[in-house]
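In what follows, a single structure is set out as structure tokens and then discussed.
Index from 1, following the sequence.
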Amino acid sequence: MLHSIKKPHSNQEKFINVLVTGSSGFLGKNLIPLLEKEQYVKVFAPSHKECNLLEKKDICRALNNFKTTRIIHLAALCGGIKANQNSPGSFFYENLQMGINLIQAAKEYNISQLICLGSTCSYPANPNTLPFIEEEMFDNGEPEPTNAPYGHSKRTLFLMLKAYFEQYKLHSIFLVPSNMYGKHDHFEGENTHVIPAIISKIYQAKKENTNVRLWGSGNCTREFLYASDCAQAILKAIYTPYHHYPSPIKIGTGNEISIKELAFKIAHLMDFKKT
């Protein structure tokens, strides 16, 4: 279990005023309750209407009004394979624009720490090592074509964080979680991820007494991470010394499972007998 240090980094910083983007999303709903329990942390979690990250002026107003000292950037336009295939331009532009605006505003307002969430979609489609390791994020080729625009947007934001550290000494931590699942996940529509999608399909098949059809051969493997564990890692990052050159930090279990094996495990837990 991860434990926080329960105090800010410096004597001058009595409280950590944290602006959290994407607080109403899957990971945000797991993180906010943890932050609100912290003695030295004050949380500002604006909605999209209160702070449109595609508009830099909205971000600057929020940083100024809340007297922000730290930022946790969770907000993202994301989804499953079908959503990525249907809207590659939107996935690239919106994720990149939100991040660019936020990083630039963080520099202008002298934010002491920016925690930015990356994605496994940034790793190359044909890595040398599985589970993924941070050193291969920019090696061995392009991301998986089905979600490459999203993956490239996250890669680009990391390069921007490096550049801003070099020129402006903007301190950041770039966390790259494995494929998440857990409480508050999405079970409907095109934004479902692997585990909730399988659960939904098996649930529907049980109701209709039919078989389940999944995409692909089922032989590809994935590393999964429980969302509340990811939230604990983000909480720990707030209390971690960060005055160093930014590099990707993977959050995961180090264990892979094939989609086929995963599907059979879920079917067993749901008492589903068909194939």
Side-chain angles (χ1 to χ4, degrees), residues 26-27 73-74 76-89 91-92 95-96 99 115-163 165 172-182 185 190-198 214-227 229-234 236-237 240 244-266:
F26 171 37
L27 180 56
H73 180 39
L74 308 182
L77 176 63
C78 57
I81 293 175
K82 188 175 181 180
N84 275 269
Q85 290 177 329
N86 288 343
S87 306
F91 274 69
F92 183 80
N95 287 295
L96 190 58
I115 298 175
C116 187
L117 270 287
S119 170
T120 55
C121 296
S122 297
Y123 288 107
N126 299 300
N128 288 331
T129 305
L130 285 175
F132 294 126
I133 58 174
E134 295 93 330
E135 291 78 9
E136 287 204 353
M137 180 169 288
F138 294 93
D139 297 333
N140 305 317
E142 300 290 302
E144 171 63 37
T146 55
N147 49 34
Y150 177 68
H152 275 301
S153 71
K154 293 294 187 177
R155 280 188 179 189
T156 304
L157 292 178
F158 172 66
L159 294 176
M160 185 175 179
L161 291 173
K162 289 177 64 176
F165 177 82
S172 62
I173 298 177
F174 191 76
L175 302 177
V176 186
S178 302
N179 300 276
M180 284 185 289
Y181 71 100
D185 211 337
E190 295 180 357
N191 289 330
T192 54
H193 296 107
V194 175
I195 289 180
I198 294 175
L214 303 177
W215 287 18
S217 65
N219 294 325
C220 61
T221 61
R222 294 288 184 272
E223 179 183 359
F224 292 98
L225 173 67
Y226 195 55
D229 291 339
C230 184
Q232 287 279 359
I234 295 171
K236 184 174 183 179
T240 300
H244 54 76
Y245 195 76
S247 62
I249 300 174
K250 177 187 170 185
I251 307 173
T253 63
N255 299 308
E256 295 259 333
I257 185 173
S258 72
I259 301 301
K260 182 184 294 184
E261 183 180 354
L262 173 67
F264 278 113
K265 281 181 177 290
I266 294 174

Using modelled atom types only, decide if a donor and an acceptor are shared between the side chain of [X] and the backbone of [Y] within a distance under 3.5 Å.
X    : Y    : value
E134 : S247 : no
T221 : S258 : no
N84  : G79  : yes
S119 : V176 : no
Q85  : T146 : no
E223 : T253 : yes
N95  : A76  : no
R222 : S178 : no

Item to check | Over all atoms of both residues, closest heavy-atom pair of L27 and A231 | outcome: CD1-N, 4.1 Å
Checklist entry - Which heavy atom of C121 sits nearest a heavy atom of N147, and at what distance? => result SG-ND2, 3.4 Å
Item to check | Close aromatic pair by centroid cut-off 6.0 Å: Y150 and F92 | outcome: no
Distance from [X] atom [atom1] to [Y] atom [atom2], nearest 0.5 Å?
X    : Y    : atom1 : atom2 : result
F132 : K250 : CZ    : NZ    : 8.0 Å
I198 : K265 : CD1   : NZ    : 12.5 Å
L117 : H73  : CG    : NE2   : 8.5 Å
N140 : N128 : CG    : CG    : 4.0 Å
T240 : I115 : OG1   : CD1   : 8.0 Å

